[in-house]
Student: 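The structure is given below, and queries will be raised subsequently.
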Amino acid sequence: MANKQNKADFASGPELLSMETLRTRHKVPQPIYAGVCAANGWKPGRAMTETDFLRAVASFTGAPMHARQRKGV
């Protein structure tokens with residue numbers, strides 16, 4: 001009986017997809033995808049939620065290209 005309940009709990013969790021699938025689905029260019037993976041230390045084949053992937057891509061593309069921060073902006 002506990003097995004059926006555990007399977008139901010697992011099935012109701014967030015959907016995990018491979019990063020490659022998410023990259024294709026959201027048409028993320030290869031250089032940006034490679035940069036996101038390198039910045040986060042992700043290896044090929046990692047499974048994650050769509051929300052986490054999109055958040056990481058947005059964070060990467062919005063980050064400054066240099067180390068120092070500008071004041072007053």
Side-chain angles (χ1 to χ4, degrees):
M1 187 72 157
N3 263 349
K4 290 181 183 179
Q5 185 178 8
N6 289 343
K7 287 180 183 178
D9 289 344
F10 182 72
S12 64
E15 181 182 11
L16 298 177
L17 300 168
S18 73
M19 294 185 314
E20 293 81 8
T21 301
L22 292 168
R23 176 188 169 266
T24 304
R25 180 180 289 178
H26 294 285
K27 299 177 182 171
V28 175
Q30 180 62 33
I32 291 176
Y33 173 72
V36 170
C37 291
N40 291 296
W42 295 344
K43 303 289 184 200
R46 180 184 173 107
M48 60 182 13
T49 64
E50 192 167 11
T51 304
D52 290 340
F53 179 78
L54 292 175
R55 188 177 298 136
V57 170
S59 176
F60 180 78
T61 57
M65 296 298 288
H66 50 79
R68 61 187 168 145
Q69 297 288 327
R70 291 177 23 184
K71 293 183 180 180
V73 178

Student: Judged by modelled atom types alone, do Ser18 and Thr21 share a side-chain donor-acceptor pair under 3.5 Å?
Tutor: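 Side-chain D/A pair, Ser18 to Thr21: present.
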Student: Would you say the side chain of Leu54 lies within less than 4.5 Å of the side chain of His26, judging by non-hydrogen atoms?
Tutor: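 In contact.
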Student: Assess whether side chain to side chain contact (heavy atoms under 4.5 Å, CB included) is satisfied between Glu15 and Thr49, documenting all intermediate values.
Tutor: CA-CA 6 Å; Glu15 181 182 11; Thr49 64; over 6 Å; no
Student: So, does Thr61 use its side chain to make a donor-acceptor pair with the main chain of Val57 at under 3.5 Å?
Tutor: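 Yes; at least one donor-acceptor contact below 3.5 Å.
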Student: Minimum heavy-atom separation for Met19 to Cys37, with atom names?
Tutor: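 Closest approach of Met19 to Cys37: CE-SG, 3.9 Å.
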Student: Please determine whether residues Leu22 and Ile32 belong to a single hydrophobic cluster, defined as Ile, Leu, Val, Met, Phe, Trp and Tyr linked transitively by side-chain heavy-atom distances below 4.5 Å.
Tutor: yes
Student: Take Tyr33 and Phe60, measure what side chain to side chain contact (heavy atoms under 4.5 Å, CB included) needs, and give me the verdict at the end.
Tutor: CA-CA 9 Å; Tyr33 173 72; Phe60 180 78; over 6 Å; no
Student: After noting the C-alpha distance and the side-chain angles of Arg23 and Val36, does the key distance pass the side chain to side chain contact (heavy atoms under 4.5 Å, CB included) rule?
Tutor: CA-CA 11 Å; Arg23 176 188 169 266; Val36 170; over 6 Å; no
